[in-house]
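Presented below is the structure to which this report refers.
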Amino acid sequence: MTAFIDDRRWRAALVLAGLSALSGVLLVGVSAWFLGAVALAGLGPAAYAFSFHHPAAIVRLLALLRTGTKYGERIAGHAAALRDQTRHRGRLFRRMAGAEESRAAGWQLARADRLQSFLDEVEAVDFARLRVVMPVLAITGAGLLVAVLTAFTVPLALPTILGQGALLLFAAERLCAEADIRARKAEAGRREAGERLGQQLSGLVSLEGGGERTLRLGETARISRAAESAAAAGRARLGAADALLSALGPLAAALVLVLSQIGGMRGEALLPAVLAAFSWLALGELIAPLARASFARRSARRAGEALSVWVDDDEEVSPAGPAEIAVSGLPLRDPQGHALGSSVTFAARPGHPVALLGPSGCGKTTLLKRLAGWLPWQEGPHPLGSAANARAASHLSLHDAAVLDATVRDNLFSAASGEELWRALEAAELAERIREAGGLDARITQDMLSLGEARRLVLARACLSAAPLILLDEPGEHLRIDQAERILRRLLERLSDRTILLVTHERRLAALAATTVHTATTRGERER
Amino acid sequence: MTRQRKTLSAAQAELAALSRDGRRAALLLALLSRAGRLASGLSLATLTGGIVMEGTVSAPALFALGAALCTASGAAAAGEAVAARTEGRAAARVVSWFERLAGRARVDEVQRFDAGDLAGRLARQPAAAAAAVVTVPNAKAMSALGLVMALAAMALFSWQAALLLLLCLPVMILFFILVGGLTRHRAALQEEALQRVSGSFAERVRCLPTLLACHATEREAERLEAALAEHEARSRDVLKVAFLNSGVLDFFSSLSVAMLAVFLGLGHLGLAQVPGFYGLTLAQSLSVLVLAPEVFAPLRRFAEIYHTAAEGQAALDSLEEVRAAAPAADPRLPTGRAGARGVVLAHAGAVQDLDLPERGLVALTGPSGCGKTSLLRVLAGVDEAAAGHAFTAGRKQAWAAADAWQPGGRLGGMTDAATAQALGLLSEPRFADGLSALIAQGGADLSGGQRLRLSLARAAASDAGIVFADEPTAKLDAQAAAGVRALLGRLAETRLVIVATHDAELAAAARIRIPLAHRFEEAA
């Protein structure tokens with residue numbers, strides 16, 4: 001709200017919005033007043049003496065003013081909202097980059113459906129001022145003016161109008177609250193049904209083989225149908241709120257007119273009452289969108305709460321020394337921090353890479369993330385001083401790393417020269433493919449690259465990293481073993497001045513390191 | 001408002017037929033509400049005319065106003081409710097298409113769809129498609145009918161005034177075309193820039209862990225801010241032109257009020273004797289005045305739903321393939337006895353004929369790629385054989401595999417302590433809470449081996465007559481594998497248990513072994 005006072009753009013937008021609401025209201029009011037005045041004048045000889053041009057000019061002026069200010073309001077409002085968007089998204093991204101959730105296991109926003117609902121939330125917050133606060137303020141301003149007008153012309157009508165307005169607004173607000181509850185239920189149901197469907201499709205063979213496919217997908221469809229029916233119920237209530245509010249203007253207009261007549265006004269004395277009455281009528285038109293604004297306010301508030309979980313909590317970093325990692329009897333854990341029953345001992349230093357060899361699911365990836373300072377370290381002080389230090393010192397090459405929808409150059413995350421970049425691509429055996437795609441400035445996407453190509457791009461990134469500690473998660477995944485061996489050998493050579501730790505389930509890759517550490521098997525499961 | 005007549009897609013036709021009555025009822029109610037609105041304006045004009053000119057409150061006008069307002073609000077609320085309910089039903093139909101595809105179509109047909117994509121579509125497309133067959137056509141109809149109604153009502157008092165506004169329409173449309181030509185290119189640019197910006201934000205959020213891992217967040221944050229700032233600057237220029245469209249509508253709607261007020265005023269004063277604007281009572285001229293904005297109001301509503309229409313049409317188009325999926329019957333022949341005759345597997349070739357007993361352990365063995373799992377799927381009725389037939393006794397069946405979907409809940413709701421202990425589940429840290437350990441729906445928080453053993457435990461607790469297990473001892477340590485073998489043996493005493501396995505020890509315990517040799521020739 002304060003933005004409308006402090007901020008030049010919002011202030012301009014609000015003034016224009018207020019002017020456009022006001023001129024719209026007065027256009028109808030003054031026109032009616034004018035018709036009443038000329039109709040009364042036309043009855044007698046006063047017709048020729050009536051100063052016609054002034055009121056006619058005012059009516060035309062109001063029409064132009066309304067068109068102009070409405071146009072200005074749209075432009076100024078959107079310009080201000082766009083600037084809000086720029087600031088909000090920039091801040092949000094930085095906050096997310098520093099937040100613990102971004103480093104936790106399982107990045108939910110990599111999923112298209114989650115990302116979409118997250119973007120909807122961001123958008124609701126981006127435009128909350130434009131869609132909610134500004135219209136409400138402008139209508140309130142115009143409403144106050146019409147109320148003052150009424151107080152001076154037919155004061156008797158004011159309490160009734162305000163009482164009736166408050167009643168209608170209250171009822172509409174209640175309906176909006178009900179609509180919001182259903183909309184929320186619908187949103188939750190849609191999300192749940194989507195998630196269930198995704199999981200069930202991945203386990204479709206087991207569901208069919210177990211003879212429960214139709215039953216379980218029927219349950220999912222039921223959740224989805226319930227969500228759609230809740231959405232419909234919410235919309236019906238919003239429609240009812242709209243309908244209620246649309247009666248406000250005409251009711252107030254009739255009240256003003258009838259009470260002025262009962263109050264004994266006649267003839268010309270009635271004309272100000274006509275002005276007030278028709279102003280109420282026009283104001284009624286403006287009030288109708290309030291129901292939608294009230295609904296949008298709730299969504300925006302909810303979205304704001306959802307986004308407030310992103311808190312930048314990254315600490316200060318002390319200057320990084322040479323990264324050496326030595327641990328002894330370090331228990332392996334699952335991503336939730338439960339011990340998996342086995343432990344590892346190793347010492348890695350520059351020129352002395354260490355490979356951890358073990359089956360999938362034995363806690364290797366989690367170990368890398370703990371060493372990189374991404375997941376909590378539960379065994380006393382972190383070997384690199386602190387988790388924040390570890391984050392600053394390490395390059396974490398994740399097995400599920402994403403390919404950015406951007407140029408190859410951008411995707412390598414390096415400030416090195418083009419020549420250096422090509423050398424890294426050569427080392428990762430990706431240069432040929434990139435040349436075909438159009439060179440360093442060609443745009444690539446996740447879908448364009450095969451899993452093996454994406455893997456090699458990730459290895460090229462590691463090759464170019466300036467971090468003293470390089471952590472490689474399954475470097476041979478999706479690659480033929482001989483190719484993986486060639487690339488890893490080159491990588492270890494190029495990064496011989498760094499500390500390297502790699503985890504793999506391939507013996508031949510582990511053999512390239514100076515030391516191989518066998519991670520003992522998880523209880524219950526064995527190595528493939 | 002160009003109307004494109006397209007041949008209806010089957011999906012659109014089905015939804016349109018389903019919602020025809022509801023849509024028509026909603027349209028009628030919307031028309032009734034519109035009529036109520038116009039009538040309330042006219043009653044108010046009449047009331048004002050009476051009070052100003054005669055000093056009396058016209059009781060019929062007051063009564064008509066009340067009735068008109070009730071009609072307008074009541075019909076509007078009812079119309080929205082009917083439209084919402086109709087859309088809810090249409091959306092439920094779209095959900096049933098998803099249900100038919102995912103729940104009953106052939107498995108290989110379903111697997112052609114991307115699971116994540118389909119899941120996201122289930123959340124969005126039912127409502128979007130439903131709006132395209134109810135709200136959108138009704139708004140189109142209302143923008144034409146509402147305009148005609150307002151003009152017709154105005155013609156009751158002054159057909160010349162109605163004609164004047166009618167003549168405004170071509171001028172307005174001309175403006176739309178002019179402005180449209182000016183804005184289309186810019187609007188397309190803007191849309192593209194917007195997509196890019198929202199895309200670049202979304203893209204960076206999607207890849208955030210990777211950016212963090214590569215120390216690229218600071219660089220990407222700066223780039224994002226630069227992209228947003230550029231978009232902001234460019235948008236400001238584009239918006240000036242893009243909003244001209246709604247500006248034209250505002251201009252005509254405001255100007256018509258001003259123009260009519262001045263003409264009618266001249267008529268009242270007798271300064272000009274223009275037919276249609278002369279000799280009207282105050283009630284009549286106020287009626288003309290309040291009707292003027294109503295002529296343009298429905299046009300605005302139509303412009304507002306442009307986005308809904310585009311989104312709905314896109315949803316309808318892409319739903320075509322979901323709707324087209326036909327339910328598949330069990331590919332096996334119901335012979336009262338499980339088995340197979342002349343079965344040929346798509347990638348592994350012909351398989352010996354099988355006659356399987358009522359109970360006992362049956363092991364499908366052989367090297368990787370020999371078709372063990374494929375045969376298991378054919379016997380379970382998941383897939384159809386390339387040739388030949390599998391038979392079924394029609395008994396209830398269960399399936400255990402490392403990717404098995406799990407109903408969520410507590411471990412104790414799925415199995416008993418003895419079975420869970422025998423399978424080695426209770427000695428794992430994941431199930432430290434014992435039988436009250438919570439399992440998420442789907443089973444994504446379990447390892448493959450845990451999912452497999454849990455589905456075996458559930459099969460043991462069920463009354464399934466046939467249990468299929470795909471590599472039940474793979475990925476397990478010796479102790480847990482022994483537990484699985486023991487359980488399978490116990491189940492085989494009363495049921496038919498068919499396993500596809502590499503495990504020699506498990507195969508040795510089987511009553512029937514079906515060795516499948518690796519074949520290189522492709523099946524016909």
Side-chain angles (χ1 to χ4, degrees), chain A residues 31 35-36 38-39 42 47 56 59-60 63 66-67 70-71 74 78-79 82 86 89-90 94 97 102 107 112-113 190 194 197-199 201 203 206-211 214 217 221 224-225 228-229 232 235-236 239-240 243 247 250 261 266 270 338 361 396 401-402 404-405 413 524-526, chain B residues 40 51-52 55 57 69 73 76-77 80-81 84 88 91-92 95 99 102-103 115 119-120 122-123 203 207-210 213-214 216-217 221 225 228 232 236 239 243 247 250-251 254 258 261-262 265 268-269 282 285 380 382 397-399 401 404-405 424 428-429 442 447 449 468 475 477 480:
Chain A
S31 299
L35 282 187
V38 292
V59 168
R60 279 192 301 257
R66 176 175 171 245
T67 311
K70 186 87 201 155
Y71 179 67
R74 286 204 176 99
H78 275 84
L82 277 169
T86 303
R89 293 197 174 195
R94 281 174 194 278
S102 310
W107 181 240
D113 56 332
R190 282 172 177 158
L197 179 67
Q199 288 168 346
L201 287 176
S206 75
L207 284 169
E208 175 71 20
T214 309
L217 279 144
S224 173
R225 274 193 282 265
E228 294 305 332
S229 121
R235 191 186 137 188
Q261 196 271 348
R266 293 293 180 272
L270 269 169
H338 302 126
L396 181 57
L404 208 59
D405 186 353
F413 305 123
E525 310 206 0
R526 72 170 162 79
Chain B
S40 74
I51 289 175
V52 173
V57 172
L69 276 181
S73 291
E80 266 299 292
V95 171
E99 184 184 2
L122 176 65
E203 189 57 23
C207 300
L208 187 56
T210 302
C214 298
T217 49
E225 277 160 356
L228 285 166
E232 189 194 324
R236 274 205 302 275
L239 288 176
F243 282 131
D250 281 331
F251 177 70
S254 307
V262 171
H268 278 300
L269 286 174
L282 178 59
S285 60
V382 174
Q397 59 191 50
W399 180 278
W405 186 87
E428 287 179 27
S447 73
F468 296 92
K475 296 174 94 178
D477 68 14

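Just so we're on the same page: letters track the sequence lines, and every chain starts at 1. All values derive from a computational prediction rather than experimental measurement.
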Partner chain B: residue of Gly210(A), Gly203(A), Gly36(A) with the largest heavy-atom pair count (under 4.5 Å): Gly210(A)
Residue part contacting chain B, namely of Phe413(A), when any heavy atom lies under 4.5 Å: both
Selection from Ala92(B), Ala76(B), Gly88(B) maximising heavy-atom pairs under 4.5 Å formed with chain A: Ala92(B)
Among the listed options Lys70(A), Arg94(A), Arg66(A), the residue most often paired with chain B at heavy-atom distances under 4.5 Å: Arg94(A)
Pick from Gly211(A), Ser31(A), Gly198(A), Ala79(A) with the largest number of heavy-atom pairs that fall under 4.5 Å of chain B: Ser31(A)
Between Gly265(B), Ala213(B), Ala81(B), Ala216(B), the one whose heavy-atom pairs under 4.5 Å with chain A are most numerous: Ala213(B)
Which of Gly120(B), Ala84(B), Ser40(B) touches chain A most, by non-hydrogen pairs under 4.5 Å: Ala84(B)
Minimal non-hydrogen separation, Val262(B) against Ala56(A), with atom names: CG2-CB, 4.0 Å
Test item: Gln199(A) side-chain N/O and Trp405(B) main-chain N/O as donor-acceptor pair under 3.5 Å: no
Part of Leu69(B) lying under 4.5 Å from any heavy atom of chain A: side chain
Side chain, backbone, both or neither of Ala398(B) within contact of chain A (heavy atoms, under 4.5 Å): backbone
Which of Ala404(B), Ser254(B), Ala77(B), Ala261(B) touches chain A most, by non-hydrogen pairs under 4.5 Å: Ser254(B)
Side-chain (Gln261(A)) to main-chain (Gly55(B)) donor-acceptor, under 3.5 angstrom: yes
Donor-acceptor under 3.5 Å (Thr210(B) side chain, Ala402(A) main chain): yes
For the student: nearest non-hydrogen atoms of Gly209(A) and Gln397(B), plus distance: O-NE2, 2.8 Å
Chain B contact via Leu270(A) - side chain, backbone, both or neither, heavy atoms under 4.5 Å: side chain
Pick from Ala39(A), Ala63(A), Gly239(A), Ala236(A) with the largest number of heavy-atom pairs that fall under 4.5 Å of chain B: Ala39(A)
Any donor-acceptor N/O pair, Glu228(A) side chain to Ala91(B) backbone, under 3.5 Å: no
Minimum heavy-atom distance between Pro209(B) and Ser102(A), given as atom pair plus value: CG-O, 3.9 Å
Region of Leu35(A) that comes under 4.5 Å of a non-hydrogen atom in chain B: both
Non-hydrogen atoms of Leu197(A) and Ala102(B) that approach each other most closely: CD1-CB, 3.8 Å
Min side-chain heavy-atom separation Trp107(A)-Leu208(B) under 4.5 Å: yes
Minimal non-hydrogen separation, Ser224(A) against Leu122(B), with atom names: OG-CD1, 3.6 Å
Under 4.5 Å from a heavy atom of chain A, the part of Phe468(B) involved: side chain
Largest heavy-atom contact set with chain A, pairs under 4.5 Å, which of Ala380(B), Ser285(B), Ala221(B), Gly247(B): Ala221(B)
Minimum heavy-atom distance Gly194(A)-Ala119(B), with the two atoms named: O-CB, 3.0 Å
Part of Arg266(A) within contact of chain B (heavy atom distance under 4.5 Å): side chain
